[in-house]
Amino acid sequence: MSQQLLRETDPDLLAAEYPGPAASSEEFPAAPENPRWSGAAGHILRLLQQTARQSLRQPGLFLAVLVLGTTLLWAAVPAAFTSWPPDTGIPADRLLPPSATHWFGTDSLGRDLFSRVVHGSATSLAATAVAVAVGLVAGSALGLLAGFVRGWVDDAIMRLMDVLLAIPSLLLSLALITVLGFGTVNIAIAVGVASVANFARIMRSESLRVGTAVYVEAARSAGVRWHTILLRHVLPNAAGPVLALSALEFGAAVLSISSLSFLGFGAPPPASEWGSLVAGGRDYLVAAWWLVTLPGAVIAAVVLSANRISHAFQTRTSR
Amino acid sequence: MLRYVGQRLLQGAFVLWAAYTVSFFILYLLPGDAVSIMASGDEQNAVDPALVAKLRSEYGLDRPLYEQYFIALGRALQLDFGISIKNGVAATRSVAEVLPETIKLAAAGFALAVLLGSALATAATFSRNPWVRQALGSLPPLGIAVPTFWIGLLLLQLFSFRLRLFPAIGNDGAASIVLPALTLAIPTAAVIAQLLSRSLRQTLGEPYIEQVRAKGASEALINFGHALRNAAIPTLTMLGILVGNLLAGAVVSETVFSRAGIGRLTVTAVNSRDIPVVQTLVVLAAVIFVVTSLVVDLIYPLVDPRINIGKTAKA
């Protein structure tokens, strides 16, 4: 069964031996485990596995995976990476330059900057994850609907998406923040909504592509219901490009969220987000270069890594 | 030709109407009660009931939904987007007052971006030294990944505070525009460089390049006379979005350098939840996008005579 699912989700293999897998799996919907989700999930897992293997051969990609992995660990277990507290400082140690004891130096209150970056990564990455999830779920749903139902529904949804694309995403996020209010969650939602159009576009083109494939036609003429076709054929096959876009949007969301929290729309002062850490260093540009430079470098490294990984996904799926 | 332009103008008008409608729904209908948001300002508690009542009748928010929308749309057609909550002048006026500053900044930033981006792309593609090619080729992904506010602060640190070459803040004089424009230019230049070098590589593989080479043209003529012009087209297509992004970049750049402009105005308007001003800015962004797209479509045939816009109108 799993072998069959694996084959079913691979367009190259399918083209080679149509209509075997698609039709027969409909005839025998034997499913102790839920086959609908294992289809899409299996495909994504396989992609991740391939990318991980590929990264061993490409030093750039390996570094990107390493950077993202490290920041994810920072977010999960910050205490394992630094023994300094993020919120309480030692007044005598204020504005110390980077050293062996304080890797990123200390701020104006004597707080260890590296510790603040490490502890702040949970907030920043969680906000990013929420943003990508909002864009992914809403955008994919709209794109699937447009590509699958076609007709006026398609026209209406895609014209709306075109309008969203005509407004710069940062401005759209700012407009949403005006009504949603400030705070990390609201920033994340606003950034996510601003990325809906990108996901909708790619999901629509994928579902149009898959929707006309011969095996979907076969499934349809075999009397398979539309939602089963969506979940079993369209979604798993669209997973690759959407995953590549998700990685790209992850990087973009880190940038947008840090920009918005830099502008002061994020969590209020005691909390440490990457963007607000940079903003906090603005007043000490002359006295303490590290306060702006180092947290900003962390943001840049994370975005660069996400873009590199997205590129790897793209080359994988486009072959 | 004229028919084509007319068609595109109609499309543009549709986008503007839709942008207005979307922003109206987001800003006035989504929160349930736009007036108390505006009246509450920065602090989200103290709401003055008298102010709320006054604003409510002023915006006609006591009327049914569709009526509100059509009244607002009718006013918007006369360029009336409401009164700014913060200083009581028309929202369009407070935007128009600072718009010239941002146009200056965006124009300078855009010119720099095109210059930097195309220089980088041509150098990275045409260089014979593989090391140089590799090094230059790795710059655009870096430029795209780096946060704009960070670039601005680093430039500020280096050129204003260390080297004291340029003023750190303000709008006075030509020197004050250099660093903000550079901040704005770097991410855009990175995008231009990436798009352009990709299509340059593709163009150099085309048969007609071999043909020109076989005829004995110099490498310089091939590269700059033939390849670059054709390779510019995919980049040109992205121009509408790039110009829109300049506007978003201005929000950050103007904040970092404390410059007056619509970017700064956006931040203060969001901060004071000044909905009429925010809506004016959103619609303005859509106007800029529509105009740029139209201009791009009209200059396609100048770059590539094979593109006949009368025909592409149908495609």
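Residue numbers begin at 1 in each chain, while the letters A, B, ... track the order of the sequences.
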Around [X], counting heavy atoms of other residues, nucleotides and ligands shown, do more than 12 lie under 6.0 Å from its [atom1]?
X         : atom1 : result
Arg201(A) : CZ    : no
Phe62(A)  : CZ    : no
Gln58(A)  : CD    : yes

Please name the pair of heavy atoms, one in [X] and one in [Y], separated by the smallest distance, quoted to 0.1 Å.
X         : Y         : value
Leu171(A) : Val282(B) : CD2-CA, 4.1 Å
Leu285(A) : Phe161(B) : CD1-CE1, 3.5 Å
Ala300(A) : Val146(B) : CB-CG2, 4.0 Å
Asn307(A) : Ala145(B) : ND2-CB, 4.3 Å

Side chain from CB out, backbone as N, CA, C, O: work out which of these in [X] comes under 4.5 Å of a heavy atom of chain A, or both, or neither.
X         : value
Leu16(B)  : neither
Val243(B) : neither
Val278(B) : side chain

Side chain, backbone, both or neither of Ala297(A) within contact of chain B (heavy atoms, under 4.5 Å):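 The answer is both parts of Ala297(A).
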Please classify the contact of Arg308(A) with chain B as side chain, backbone, both or neither, using a heavy-atom distance under 4.5 Å.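 When you check distances to chain B, no heavy atom of Arg308(A) falls under 4.5 Å.
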Thr188(B): what forms a side chain to side chain contact (heavy atoms under 4.5 Å, CB included) with it, not counting sequence neighbours?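 Checked Thr188(B) against side chain to side chain contact (heavy atoms under 4.5 Å, CB included); matches are Ala113(B), Ile192(B), Leu242(B), Leu246(B).
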Output all residues satisfying side chain to side chain contact (heavy atoms under 4.5 Å, CB included) with Trp103(A), sequence neighbours left out; order by chain, then residue number.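 Side chain to side chain contact (heavy atoms under 4.5 Å, CB included) check on Trp103(A) returns Phe114(A).
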Rounded to the nearest 0.5 Å, how far does [atom2] of [Y] lie from [atom1] of [X]?
X         : Y         : atom1 : atom2 : result
Leu170(A) : Leu247(B) : CG    : CG    : 9.5 Å
Arg264(B) : Leu263(A) : CZ    : CG    : 11.5 Å
Ile167(A) : Ile26(B)  : CD1   : CD1   : 7.0 Å

Using side-chain heavy atoms (C-beta onward) and a distance below 4.5 Å, is Ile241(B) in contact with Leu165(A)?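 No, side chains not in contact.
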Does any non-hydrogen side-chain atom of Leu164(A) lie less than 4.5 Å from one of Val22(B)?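 Yes; the side chains approach each other to less than 4.5 Å.
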Looking at [options], which one has more heavy-atom pairs under 4.5 Å with chain A than the rest?
options                                    : answer
Pro147(B), Gly244(B), Ala248(B)            : Pro147(B)
Ile288(B), Thr255(B), Leu284(B)            : Thr255(B)
Asn245(B), Val252(B), Thr292(B), Val251(B) : Val251(B)

Of all of Val254(A), Val163(A), Leu176(A), Thr293(A), which one pairs up most often with chain B through heavy atoms under 4.5 Å apart?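 Top option by heavy-atom pairs under 4.5 Å: Thr293(A).
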Name, in order of residue number, those residues of residues 149-158 of chain B that have a heavy atom at a distance of less than 4.5 Å from a heavy atom in chain A; otherwise write 'none'.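 Within residues 149-158 of chain B, the residues that come under 4.5 Å of chain A (heavy atoms only) are Phe149(B), Trp150(B), Leu153(B), Leu154(B), Leu156(B), Gln157(B).
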With sequence neighbours left out, what residues match Phe265(A) under ring-ring contact (aromatic ring centres under 6.0 Å, His included)?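 Here the qualifying residues are Phe182(A).
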